[in-house]
Number of protein chains: 2
Amino acid sequence: MEQKAKTARQRARAEITAEILQAARTRLTQAGPGELSLRAVARDVGMVSSAVYRYFPSRDDLLTALLIEAYDELGAAAEAADDAVADRDDAAARWLATCRATRTWAVEHPHDYALLYGSPVTGYAAPRDTIVPATRVIVRLVEIVMAAVAAGAIEPGTSDDEPHPFDPSVRGAVEAIRDLGGPSATEAPAELVGRTLMAWSTIFGTISFELWGHLVGSVSDHEEFFDGVAARLWTDLGLS
Amino acid sequence: MEQKAKTARQRARAEITAEILQAARTRLTQAGPGELSLRAVARDVGMVSSAVYRYFPSRDDLLTALLIEAYDELGAAAEAADDAVADRDDAAARWLATCRATRTWAVEHPHDYALLYGSPVTGYAAPRDTIVPATRVIVRLVEIVMAAVAAGAIEPGTSDDEPHPFDPSVRGAVEAIRDLGGPSATEAPAELVGRTLMAWSTIFGTISFELWGHLVGSVSDHEEFFDGVAARLWTDLGLS
DNA sequence: CAACAAACGAGAGCATTGCTCTTGCAATGA
DNA sequence: TCATTGCAAGAGCAATGCTCTCGTTTGTTG
(Lines give C-alpha, C1' and ligand atoms only; values in the text may rest on other atoms or scores of the structure.)
Protein backbone atom coordinates (compact mmCIF):
# COMPACT_ATOMS: atom_id res chain seq x y z
CA MET A 1 0.00 0.00 0.00
CA GLU A 2 2.72 2.43 0.95
CA GLN A 3 4.22 3.19 -2.41
CA LYS A 4 7.55 4.95 -2.38
CA ALA A 5 6.98 6.19 -5.91
CA LYS A 6 4.11 8.51 -5.35
CA THR A 7 2.04 9.83 -8.15
CA ALA A 8 2.10 13.52 -8.87
CA ARG A 9 -1.34 13.91 -7.41
CA GLN A 10 -0.34 12.27 -4.14
CA ARG A 11 2.71 14.45 -3.87
CA ALA A 12 0.67 17.54 -4.58
CA ARG A 13 -1.87 16.48 -2.01
CA ALA A 14 0.74 16.02 0.70
CA GLU A 15 2.33 19.33 -0.14
CA ILE A 16 -0.91 21.26 -0.17
CA THR A 17 -1.97 19.63 3.08
CA ALA A 18 1.26 20.76 4.69
CA GLU A 19 0.80 24.19 3.17
CA ILE A 20 -2.65 24.54 4.69
CA LEU A 21 -1.38 23.36 8.04
CA GLN A 22 1.46 25.85 7.90
CA ALA A 23 -0.89 28.69 7.07
CA ALA A 24 -3.20 27.68 9.88
CA ARG A 25 -0.23 27.50 12.23
CA THR A 26 0.79 31.01 11.26
CA ARG A 27 -2.73 32.27 11.81
CA LEU A 28 -2.69 30.67 15.24
CA THR A 29 0.22 32.88 16.25
CA GLN A 30 -1.99 35.91 15.82
CA ALA A 31 -5.29 34.68 17.17
CA GLY A 32 -6.71 31.99 19.39
CA PRO A 33 -8.13 28.64 18.34
CA GLY A 34 -11.68 29.88 18.52
CA GLU A 35 -10.93 32.64 16.05
CA LEU A 36 -9.21 30.42 13.52
CA SER A 37 -11.05 31.00 10.27
CA LEU A 38 -10.96 28.28 7.67
CA ARG A 39 -11.77 30.80 4.98
CA ALA A 40 -8.88 32.98 6.07
CA VAL A 41 -6.33 30.19 5.84
CA ALA A 42 -7.82 29.29 2.48
CA ARG A 43 -7.16 32.82 1.31
CA ASP A 44 -3.62 32.62 2.68
CA VAL A 45 -2.83 29.59 0.56
CA GLY A 46 -4.60 31.08 -2.45
CA MET A 47 -7.52 28.72 -2.51
CA VAL A 48 -11.22 29.09 -2.23
CA SER A 49 -12.72 27.94 1.04
CA SER A 50 -14.55 24.97 -0.38
CA ALA A 51 -11.33 23.57 -1.79
CA VAL A 52 -9.88 23.22 1.69
CA TYR A 53 -12.63 20.77 2.51
CA ARG A 54 -10.97 18.33 0.11
CA TYR A 55 -8.12 18.13 2.59
CA PHE A 56 -9.83 18.64 5.92
CA PRO A 57 -13.43 17.51 6.26
CA SER A 58 -14.17 20.23 8.78
CA ARG A 59 -12.65 23.01 10.80
CA ASP A 60 -12.42 20.69 13.77
CA ASP A 61 -10.31 18.26 11.78
CA LEU A 62 -7.96 21.09 10.97
CA LEU A 63 -7.77 21.87 14.67
CA THR A 64 -7.07 18.23 15.43
CA ALA A 65 -4.14 18.20 13.04
CA LEU A 66 -2.81 21.37 14.63
CA LEU A 67 -3.36 19.80 18.05
CA ILE A 68 -1.22 16.80 17.26
CA GLU A 69 1.48 18.94 15.69
CA ALA A 70 1.62 21.26 18.68
CA TYR A 71 1.62 18.40 21.20
CA ASP A 72 4.52 16.83 19.41
CA GLU A 73 6.41 20.08 19.23
CA LEU A 74 5.98 20.71 22.94
CA GLY A 75 6.92 17.14 23.75
CA ALA A 76 10.03 17.33 21.60
CA ALA A 77 11.08 20.59 23.25
CA ALA A 78 10.66 19.14 26.73
CA GLU A 79 12.49 15.94 25.87
CA ALA A 80 15.32 17.85 24.22
CA ALA A 81 15.77 19.99 27.29
CA ASP A 82 15.95 16.90 29.48
CA ASP A 83 18.36 15.18 27.13
CA ALA A 84 20.61 18.22 27.20
CA VAL A 85 21.29 17.84 30.92
CA ALA A 86 24.84 16.58 31.17
CA ASP A 87 24.67 14.78 34.49
CA ARG A 88 22.07 12.08 33.83
CA ASP A 89 22.10 11.14 37.53
CA ASP A 90 21.04 14.61 38.64
CA ALA A 91 17.33 13.96 38.55
CA ALA A 92 16.52 17.31 40.12
CA ALA A 93 18.37 19.14 37.35
CA ARG A 94 16.59 17.08 34.72
CA TRP A 95 13.25 17.84 36.35
CA LEU A 96 13.91 21.56 36.42
CA ALA A 97 15.14 21.61 32.83
CA THR A 98 12.05 19.79 31.59
CA CYS A 99 9.68 22.04 33.53
CA ARG A 100 11.47 25.14 32.30
CA ALA A 101 11.33 23.99 28.68
CA THR A 102 7.60 23.43 29.01
CA ARG A 103 7.04 26.95 30.27
CA THR A 104 9.38 28.45 27.68
CA TRP A 105 7.55 26.76 24.84
CA ALA A 106 4.22 27.92 26.27
CA VAL A 107 5.38 31.51 26.57
CA GLU A 108 6.71 31.44 23.03
CA HIS A 109 3.58 29.80 21.63
CA PRO A 110 0.73 31.08 23.77
CA HIS A 111 -2.01 30.36 21.26
CA ASP A 112 -0.75 26.86 20.59
CA TYR A 113 -0.62 26.33 24.34
CA ALA A 114 -4.20 27.57 24.59
CA LEU A 115 -5.15 25.10 21.89
CA LEU A 116 -3.62 22.26 23.89
CA TYR A 117 -4.47 23.17 27.46
CA GLY A 118 -7.13 25.84 27.26
CA SER A 119 -10.82 25.28 27.66
CA PRO A 120 -11.89 22.94 24.89
CA VAL A 121 -14.30 24.02 22.20
CA THR A 122 -17.82 22.82 22.89
CA GLY A 123 -18.83 19.70 21.08
CA TYR A 124 -15.26 18.94 20.14
CA ALA A 125 -13.87 15.71 21.54
CA ALA A 126 -10.20 15.12 20.91
CA PRO A 127 -9.85 11.91 18.90
CA ARG A 128 -7.67 8.95 19.85
CA ASP A 129 -4.77 10.13 17.72
CA THR A 130 -4.08 12.94 20.13
CA ILE A 131 -3.71 11.08 23.40
CA VAL A 132 -0.27 9.65 22.69
CA PRO A 133 1.45 12.93 21.76
CA ALA A 134 -0.50 14.61 24.55
CA THR A 135 1.25 12.55 27.18
CA ARG A 136 4.83 13.09 26.07
CA VAL A 137 5.72 15.71 28.67
CA ILE A 138 4.14 13.98 31.64
CA VAL A 139 5.63 10.66 30.51
CA ARG A 140 9.08 12.21 30.48
CA LEU A 141 8.51 13.72 33.92
CA VAL A 142 7.46 10.33 35.23
CA GLU A 143 10.56 8.76 33.71
CA ILE A 144 12.74 11.25 35.54
CA VAL A 145 11.01 10.50 38.82
CA MET A 146 11.26 6.76 38.28
CA ALA A 147 14.93 7.12 37.38
CA ALA A 148 15.49 8.80 40.72
CA VAL A 149 13.65 5.99 42.44
CA ALA A 150 15.72 3.40 40.61
CA ALA A 151 18.86 5.27 41.69
CA GLY A 152 17.97 4.58 45.27
CA ALA A 153 15.90 7.53 46.30
CA ILE A 154 13.04 5.82 48.08
CA GLU A 155 10.39 7.93 49.59
CA PRO A 156 10.02 7.54 53.35
CA GLY A 157 6.31 7.25 54.11
CA THR A 158 3.50 5.58 52.27
CA SER A 159 0.18 7.20 51.60
CA ASP A 160 -1.61 5.16 54.23
CA ASP A 161 -0.88 7.53 57.05
CA GLU A 162 -2.54 10.39 55.18
CA PRO A 163 -6.16 11.24 55.90
CA HIS A 164 -6.69 11.54 52.11
CA PRO A 165 -4.50 8.87 50.54
CA PHE A 166 -3.86 8.88 46.81
CA ASP A 167 -4.01 5.13 46.73
CA PRO A 168 -7.24 4.14 45.06
CA SER A 169 -7.78 7.22 42.94
CA VAL A 170 -4.55 7.08 40.93
CA ARG A 171 -4.62 3.38 40.15
CA GLY A 172 -4.95 4.13 36.46
CA ALA A 173 -1.76 6.14 36.45
CA VAL A 174 0.06 3.45 38.44
CA GLU A 175 -0.91 0.85 35.87
CA ALA A 176 0.04 3.16 33.01
CA ILE A 177 3.48 3.62 34.54
CA ARG A 178 3.86 -0.13 34.94
CA ASP A 179 2.97 -0.52 31.28
CA LEU A 180 5.69 1.98 30.43
CA GLY A 181 8.13 -0.71 31.49
CA GLY A 182 10.97 1.34 32.75
CA PRO A 183 14.27 0.00 34.04
CA SER A 184 12.69 -0.67 37.38
CA ALA A 185 9.93 -3.20 37.07
CA THR A 186 8.83 -2.41 40.60
CA GLU A 187 5.40 -1.03 41.27
CA ALA A 188 5.37 2.74 41.46
CA PRO A 189 4.13 3.79 44.89
CA ALA A 190 0.75 5.47 44.73
CA GLU A 191 1.86 8.34 46.90
CA LEU A 192 4.69 9.17 44.53
CA VAL A 193 2.46 8.82 41.48
CA GLY A 194 -0.14 11.07 43.01
CA ARG A 195 2.53 13.58 43.90
CA THR A 196 3.82 13.55 40.32
CA LEU A 197 0.34 14.11 38.89
CA MET A 198 -0.14 16.87 41.42
CA ALA A 199 3.14 18.45 40.34
CA TRP A 200 2.12 18.26 36.69
CA SER A 201 -1.14 19.99 37.55
CA THR A 202 0.82 22.69 39.31
CA ILE A 203 3.07 23.24 36.32
CA PHE A 204 0.07 23.53 34.07
CA GLY A 205 -1.67 25.82 36.56
CA THR A 206 1.28 28.12 36.99
CA ILE A 207 1.89 28.47 33.26
CA SER A 208 -1.79 29.01 32.51
CA PHE A 209 -2.16 31.57 35.28
CA GLU A 210 0.79 33.45 33.85
CA LEU A 211 -0.48 33.34 30.27
CA TRP A 212 -4.11 34.10 31.08
CA GLY A 213 -3.12 37.01 33.29
CA HIS A 214 -4.36 35.65 36.61
CA LEU A 215 -1.11 36.53 38.37
CA VAL A 216 -0.97 40.16 37.27
CA GLY A 217 -0.20 42.30 40.28
CA SER A 218 0.92 39.38 42.39
CA VAL A 219 3.92 38.03 40.53
CA SER A 220 6.41 40.40 38.96
CA ASP A 221 9.04 38.07 37.52
CA HIS A 222 7.21 35.08 36.13
CA GLU A 223 10.31 33.14 35.15
CA GLU A 224 11.79 33.45 38.62
CA PHE A 225 8.50 32.50 40.24
CA PHE A 226 8.16 29.48 38.00
CA ASP A 227 11.67 28.31 38.82
CA GLY A 228 10.80 28.54 42.50
CA VAL A 229 7.66 26.53 41.93
CA ALA A 230 9.44 23.85 39.92
CA ALA A 231 12.17 23.50 42.52
CA ARG A 232 9.69 23.09 45.36
CA LEU A 233 7.69 20.59 43.33
CA TRP A 234 10.74 18.38 43.17
CA THR A 235 11.39 18.49 46.89
CA ASP A 236 7.68 17.95 47.58
CA LEU A 237 7.83 14.68 45.67
CA GLY A 238 9.35 13.29 48.84
CA LEU A 239 12.28 11.53 47.21
CA SER A 240 15.59 10.75 48.94
CA MET B 1 -28.70 60.33 41.57
CA GLU B 2 -29.74 57.05 43.13
CA GLN B 3 -33.47 57.48 43.41
CA LYS B 4 -35.27 54.95 45.53
CA ALA B 5 -38.50 55.64 43.67
CA LYS B 6 -37.64 54.41 40.25
CA THR B 7 -39.66 55.31 37.26
CA ALA B 8 -41.44 52.56 35.41
CA ARG B 9 -38.90 52.81 32.62
CA GLN B 10 -35.99 52.32 34.98
CA ARG B 11 -37.65 49.36 36.61
CA ALA B 12 -38.38 47.82 33.26
CA ARG B 13 -34.80 48.36 32.19
CA ALA B 14 -33.41 46.66 35.28
CA GLU B 15 -35.79 43.77 34.90
CA ILE B 16 -35.05 43.24 31.23
CA THR B 17 -31.31 43.48 31.89
CA ALA B 18 -31.64 40.77 34.51
CA GLU B 19 -33.78 38.74 32.14
CA ILE B 20 -31.14 38.90 29.41
CA LEU B 21 -28.43 37.96 31.89
CA GLN B 22 -30.50 35.04 33.10
CA ALA B 23 -31.07 33.82 29.56
CA ALA B 24 -27.38 34.14 28.78
CA ARG B 25 -26.56 32.29 31.97
CA THR B 26 -28.88 29.46 30.95
CA ARG B 27 -27.31 29.32 27.51
CA LEU B 28 -23.91 29.07 29.17
CA THR B 29 -24.95 25.85 30.87
CA GLN B 30 -25.30 24.23 27.48
CA ALA B 31 -22.39 25.72 25.58
CA GLY B 32 -19.09 27.42 26.20
CA PRO B 33 -18.39 31.14 26.27
CA GLY B 34 -17.14 31.15 22.71
CA GLU B 35 -20.39 29.74 21.47
CA LEU B 36 -22.59 32.18 23.33
CA SER B 37 -24.74 33.78 20.66
CA LEU B 38 -26.19 37.18 21.38
CA ARG B 39 -28.89 36.57 18.82
CA ALA B 40 -29.83 33.33 20.51
CA VAL B 41 -30.28 34.89 23.93
CA ALA B 42 -32.27 37.64 22.25
CA ARG B 43 -34.59 35.01 20.83
CA ASP B 44 -34.84 33.39 24.25
CA VAL B 45 -36.11 36.57 25.84
CA GLY B 46 -38.40 37.28 22.89
CA MET B 47 -36.52 40.21 21.52
CA VAL B 48 -34.85 41.02 18.28
CA SER B 49 -31.06 41.02 18.38
CA SER B 50 -30.64 44.73 17.86
CA ALA B 51 -32.78 45.45 20.91
CA VAL B 52 -30.29 43.71 23.18
CA TYR B 53 -27.70 46.31 22.22
CA ARG B 54 -29.72 48.85 24.18
CA TYR B 55 -28.72 46.97 27.31
CA PHE B 56 -25.30 45.60 26.43
CA PRO B 57 -23.19 47.59 23.99
CA SER B 58 -21.51 44.45 22.70
CA ARG B 59 -21.24 40.73 23.17
CA ASP B 60 -18.10 41.24 25.20
CA ASP B 61 -19.96 43.46 27.64
CA LEU B 62 -22.49 40.70 28.11
CA LEU B 63 -19.62 38.32 28.79
CA THR B 64 -18.16 40.78 31.28
CA ALA B 65 -21.43 40.94 33.17
CA LEU B 66 -21.58 37.16 33.24
CA LEU B 67 -17.96 37.10 34.34
CA ILE B 68 -18.61 39.29 37.36
CA GLU B 69 -21.72 37.36 38.28
CA ALA B 70 -19.91 34.02 38.07
CA TYR B 71 -16.89 35.28 40.00
CA ASP B 72 -19.15 36.51 42.76
CA GLU B 73 -21.09 33.28 42.84
CA LEU B 74 -17.93 31.21 43.12
CA GLY B 75 -16.51 33.56 45.74
CA ALA B 76 -19.70 33.39 47.77
CA ALA B 77 -19.72 29.60 47.60
CA ALA B 78 -16.13 29.37 48.77
CA GLU B 79 -16.63 31.88 51.58
CA ALA B 80 -19.81 30.16 52.71
CA ALA B 81 -18.01 26.84 52.90
CA ASP B 82 -15.27 28.37 55.00
CA ASP B 83 -17.75 30.13 57.27
CA ALA B 84 -19.55 26.85 57.82
CA VAL B 85 -16.53 25.28 59.49
CA ALA B 86 -17.42 25.09 63.18
CA ASP B 87 -13.93 25.19 64.68
CA ARG B 88 -12.60 28.56 63.52
CA ASP B 89 -9.16 27.68 64.89
CA ASP B 90 -8.83 24.60 62.69
CA ALA B 91 -7.15 26.35 59.78
CA ALA B 92 -6.50 23.08 57.97
CA ALA B 93 -10.19 22.21 58.03
CA ARG B 94 -11.11 25.68 56.78
CA TRP B 95 -8.55 25.35 53.98
CA LEU B 96 -9.90 22.00 52.90
CA ALA B 97 -13.50 23.18 53.01
CA THR B 98 -12.73 26.22 50.88
CA CYS B 99 -10.79 24.20 48.32
CA ARG B 100 -13.54 21.62 48.13
CA ALA B 101 -16.22 24.24 47.63
CA THR B 102 -14.22 25.72 44.78
CA ARG B 103 -14.00 22.38 43.03
CA THR B 104 -17.63 21.56 43.69
CA TRP B 105 -18.79 24.82 42.17
CA ALA B 106 -16.54 24.25 39.17
CA VAL B 107 -17.88 20.74 38.60
CA GLU B 108 -21.43 22.00 38.88
CA HIS B 109 -20.83 24.97 36.60
CA PRO B 110 -18.20 23.82 34.11
CA HIS B 111 -18.98 26.41 31.47
CA ASP B 112 -19.02 29.25 33.98
CA TYR B 113 -15.71 27.96 35.27
CA ALA B 114 -14.38 27.92 31.71
CA LEU B 115 -15.54 31.50 31.32
CA LEU B 116 -13.59 32.49 34.44
CA TYR B 117 -10.46 30.39 34.20
CA GLY B 118 -10.35 29.07 30.66
CA SER B 119 -8.31 30.51 27.84
CA PRO B 120 -9.54 34.04 27.30
CA VAL B 121 -11.22 35.12 24.09
CA THR B 122 -8.80 36.87 21.80
CA GLY B 123 -8.98 40.61 21.89
CA TYR B 124 -11.01 40.58 25.06
CA ALA B 125 -9.38 42.21 28.06
CA ALA B 126 -11.26 41.84 31.31
CA PRO B 127 -12.09 45.33 32.58
CA ARG B 128 -11.29 46.68 36.03
CA ASP B 129 -14.68 45.76 37.45
CA THR B 130 -13.77 42.10 37.35
CA ILE B 131 -10.55 42.08 39.34
CA VAL B 132 -12.15 42.52 42.75
CA PRO B 133 -14.67 39.67 42.47
CA ALA B 134 -11.98 37.60 40.74
CA THR B 135 -9.82 37.59 43.84
CA ARG B 136 -12.43 36.55 46.37
CA VAL B 137 -11.37 32.91 46.59
CA ILE B 138 -7.63 33.52 46.77
CA VAL B 139 -8.20 36.34 49.26
CA ARG B 140 -10.13 33.99 51.50
CA LEU B 141 -7.42 31.36 51.20
CA VAL B 142 -4.81 33.94 52.15
CA GLU B 143 -6.91 34.97 55.14
CA ILE B 144 -7.01 31.38 56.33
CA VAL B 145 -3.25 31.08 56.01
CA MET B 146 -2.66 34.37 57.79
CA ALA B 147 -5.06 33.34 60.53
CA ALA B 148 -2.96 30.25 61.08
CA VAL B 149 0.16 32.41 61.21
CA ALA B 150 -1.48 34.75 63.69
CA ALA B 151 -2.43 31.74 65.80
CA GLY B 152 1.23 30.99 66.25
CA ALA B 153 2.04 28.69 63.38
CA ILE B 154 5.30 30.19 62.23
CA GLU B 155 7.06 28.58 59.37
CA PRO B 156 10.55 27.34 60.18
CA GLY B 157 12.85 28.38 57.34
CA THR B 158 12.92 31.48 55.19
CA SER B 159 13.21 31.43 51.44
CA ASP B 160 16.83 32.52 51.45
CA ASP B 161 18.21 29.03 51.72
CA GLU B 162 16.40 27.99 48.56
CA PRO B 163 18.25 28.06 45.24
CA HIS B 164 15.15 29.68 43.69
CA PRO B 165 13.73 31.95 46.37
CA PHE B 166 10.26 33.42 46.00
CA ASP B 167 11.42 36.64 47.54
CA PRO B 168 11.64 39.23 44.78
CA SER B 169 9.08 37.78 42.41
CA VAL B 170 6.07 37.81 44.74
CA ARG B 171 6.57 41.29 46.16
CA GLY B 172 3.32 42.40 44.59
CA ALA B 173 1.38 39.75 46.42
CA VAL B 174 3.14 40.53 49.70
CA GLU B 175 2.13 44.17 49.40
CA ALA B 176 -1.39 43.22 48.44
CA ILE B 177 -1.67 41.09 51.55
CA ARG B 178 -0.32 43.92 53.70
CA ASP B 179 -2.98 46.18 52.18
CA LEU B 180 -5.60 43.64 53.17
CA GLY B 181 -4.85 44.65 56.74
CA GLY B 182 -5.64 41.50 58.60
CA PRO B 183 -5.48 41.01 62.33
CA SER B 184 -1.75 40.53 62.13
CA ALA B 185 -0.05 43.64 60.85
CA THR B 186 3.15 41.70 60.42
CA GLU B 187 4.73 41.35 57.03
CA ALA B 188 3.75 38.14 55.31
CA PRO B 189 6.90 36.10 54.66
CA ALA B 190 7.63 35.80 50.95
CA GLU B 191 8.13 32.06 51.17
CA LEU B 192 4.68 31.58 52.63
CA VAL B 193 3.10 33.93 50.11
CA GLY B 194 4.80 32.16 47.24
CA ARG B 195 3.66 28.83 48.61
CA THR B 196 0.09 30.07 48.84
CA LEU B 197 0.13 31.32 45.25
CA MET B 198 1.63 28.03 44.22
CA ALA B 199 -1.13 26.18 46.05
CA TRP B 200 -3.79 28.29 44.36
CA SER B 201 -2.23 27.46 41.00
CA THR B 202 -2.36 23.80 41.90
CA ILE B 203 -6.03 23.99 42.84
CA PHE B 204 -6.80 25.68 39.55
CA GLY B 205 -4.65 23.20 37.66
CA THR B 206 -6.22 20.16 39.26
CA ILE B 207 -9.76 21.36 38.69
CA SER B 208 -9.06 22.38 35.10
CA PHE B 209 -7.33 19.10 34.32
CA GLU B 210 -10.36 17.27 35.63
CA LEU B 211 -12.85 19.36 33.70
CA TRP B 212 -10.89 19.48 30.45
CA GLY B 213 -10.30 15.74 30.55
CA HIS B 214 -6.53 15.76 30.93
CA LEU B 215 -6.63 13.23 33.76
CA VAL B 216 -8.75 10.65 31.95
CA GLY B 217 -7.15 7.26 32.40
CA SER B 218 -4.91 8.41 35.21
CA VAL B 219 -7.33 9.45 37.92
CA SER B 220 -10.43 7.41 38.59
CA ASP B 221 -12.02 9.19 41.54
CA HIS B 222 -11.54 12.89 40.96
CA GLU B 223 -13.07 13.99 44.26
CA GLU B 224 -10.81 11.71 46.24
CA PHE B 225 -7.76 12.80 44.27
CA PHE B 226 -8.61 16.44 44.78
CA ASP B 227 -8.99 15.95 48.52
CA GLY B 228 -5.56 14.39 48.60
CA VAL B 229 -4.12 17.30 46.66
CA ALA B 230 -5.75 19.90 48.89
CA ALA B 231 -4.55 18.17 52.04
CA ARG B 232 -0.96 18.01 50.81
CA LEU B 233 -1.10 21.64 49.73
CA TRP B 234 -1.83 22.61 53.31
CA THR B 235 1.06 20.64 54.73
CA ASP B 236 3.34 21.93 51.98
CA LEU B 237 2.65 25.48 53.10
CA GLY B 238 5.17 24.76 55.84
CA LEU B 239 3.09 26.02 58.72
CA SER B 240 3.38 24.87 62.33
C1' DC C 1 -4.76 4.57 -27.11
C1' DA C 2 -9.39 5.43 -25.58
C1' DA C 3 -12.85 5.42 -22.00
C1' DC C 4 -14.22 5.68 -17.52
C1' DA C 5 -13.78 6.99 -12.67
C1' DA C 6 -11.84 9.51 -9.18
C1' DA C 7 -9.94 13.73 -7.44
C1' DC C 8 -9.91 18.54 -7.68
C1' DG C 9 -10.68 23.76 -7.76
C1' DA C 10 -13.97 27.27 -8.30
C1' DG C 11 -18.22 29.32 -7.56
C1' DA C 12 -22.87 29.91 -5.88
C1' DG C 13 -25.68 29.36 -2.12
C1' DC C 14 -27.66 28.58 2.79
C1' DA C 15 -27.94 29.51 7.51
C1' DT C 16 -25.72 31.76 11.04
C1' DT C 17 -23.05 35.27 13.55
C1' DG C 18 -21.92 40.40 15.61
C1' DC C 19 -23.04 44.82 14.78
C1' DT C 20 -24.98 49.39 12.58
C1' DC C 21 -28.49 52.21 10.90
C1' DT C 22 -33.02 53.90 10.20
C1' DT C 23 -37.88 54.07 11.28
C1' DG C 24 -41.85 54.48 13.99
C1' DC C 25 -44.02 54.11 18.49
C1' DA C 26 -44.53 55.05 23.41
C1' DA C 27 -43.23 56.87 27.76
C1' DT C 28 -41.31 61.01 30.14
C1' DG C 29 -40.97 65.56 31.80
C1' DA C 30 -41.41 70.72 31.14
C1' DT D 1 -49.78 69.86 25.38
C1' DC D 2 -45.67 68.99 23.14
C1' DA D 3 -40.91 68.26 22.38
C1' DT D 4 -37.44 65.00 24.00
C1' DT D 5 -35.91 60.75 24.99
C1' DG D 6 -35.87 55.63 25.30
C1' DC D 7 -37.05 51.68 23.03
C1' DA D 8 -38.12 47.65 19.81
C1' DA D 9 -38.26 46.17 15.21
C1' DG D 10 -36.49 45.52 10.77
C1' DA D 11 -33.25 45.82 7.02
C1' DG D 12 -28.70 45.48 5.91
C1' DC D 13 -23.43 44.54 5.92
C1' DA D 14 -19.48 41.75 6.29
C1' DA D 15 -18.06 37.74 7.92
C1' DT D 16 -18.28 32.65 9.22
C1' DG D 17 -18.73 27.07 8.46
C1' DC D 18 -20.38 24.10 5.34
C1' DT D 19 -22.90 21.89 1.09
C1' DC D 20 -23.78 21.40 -3.57
C1' DT D 21 -22.94 21.61 -8.43
C1' DC D 22 -20.11 22.13 -12.44
C1' DG D 23 -16.34 21.79 -15.45
C1' DT D 24 -11.50 20.31 -15.57
C1' DT D 25 -7.54 17.61 -14.61
C1' DT D 26 -5.41 13.36 -13.28
C1' DG D 27 -4.94 8.37 -12.87
C1' DT D 28 -6.38 3.72 -13.99
C1' DT D 29 -8.28 0.17 -16.79
C1' DG D 30 -9.96 -2.21 -20.84
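Throughout, protein chains are lettered first and strands after them, A, B, ... in sequence-line order, and every chain is numbered starting at 1. Just so it is clear, the values below take in all heavy atoms, side chains as well, and ignore hydrogens, waters and symmetry mates.
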Does any N or O in the side chain of Ser119(B) come within less than 3.5 Å of the main-chain N or O of Ser119(A), such that one atom is a donor and the other an acceptor?
yes

Check: Arg59(A) side chain, Leu36(A) main-chain N or O, donor-acceptor pair, under 3.5 Å:
yes

Pick base, sugar-phosphate or nothing for [X], based on heavy-atom distances below 4.0 Å to the nucleic acid.
X: Arg59(B); result: sugar-phosphate
X: Tyr55(A); result: sugar-phosphate
X: Ser50(A); result: base
X: Leu36(B); result: sugar-phosphate
X: Ser58(B); result: sugar-phosphate
X: Leu62(B); result: nothing

Heavy-atom side-chain contact between Leu197(A) and Phe166(A) under 4.5 Å
no

Report yes if some heavy atom in the side chain of Gln10(B) is under 4.5 Å from a heavy atom in the side chain of Arg13(B); otherwise report no.
no

Of the nucleotides dC8(C), dC18(D), dA8(D), which has the atom closest to the Arg13(A) side chain?
dC8(C)

What nucleotide, of dC19(C), dA9(D), dT16(D), holds the atom closest to the side chain of Leu38(B)?
dC19(C)

Closest nucleotide of DNA chain D for Arg39(A) versus for Met47(B): which of these residues is on the 5' side?
Met47(B)

Measure [atom1]/[X] against [atom2]/[N] and give the value in whole Å, please.
X: Ile16(B); N: dC7(D); atom1: CD1; atom2: P; value: 8 Å
X: Arg27(B); N: dT16(C); atom1: CZ; atom2: P; value: 12 Å
X: Glu35(B); N: dG18(C); atom1: CD; atom2: C1'; value: 15 Å
X: Ile20(B); N: dC7(D); atom1: CD1; atom2: P; value: 11 Å
X: Arg11(B); N: dG6(D); atom1: CZ; atom2: P; value: 18 Å
X: Tyr53(A); N: dA7(C); atom1: OH; atom2: C1'; value: 19 Å

Donor/acceptor link under 3.5 angstrom from Arg54(B) side chain onto base of dG6(D):
no

Base contacts versus sugar-phosphate-only contacts with protein, heavy atoms under 4.0 Å: please encode nucleotides 24-30 of chain D as B, S and - from 5' to 3'.
-BBS---

Would you call the rings of Tyr117(B) and Phe209(A) parallel, tilted or perpendicular, where under 30° means parallel and over 60° means perpendicular?
tilted

Report the residue from Glu69(B), His111(B), His109(B) that forms a side chain to side chain donor-acceptor pair (under 3.5 Å) with Arg25(B).
Glu69(B)

Hydrogens and angles aside, do Asp61(B) and Thr64(B) bring a side-chain donor and acceptor to less than 3.5 Å of each other?
no

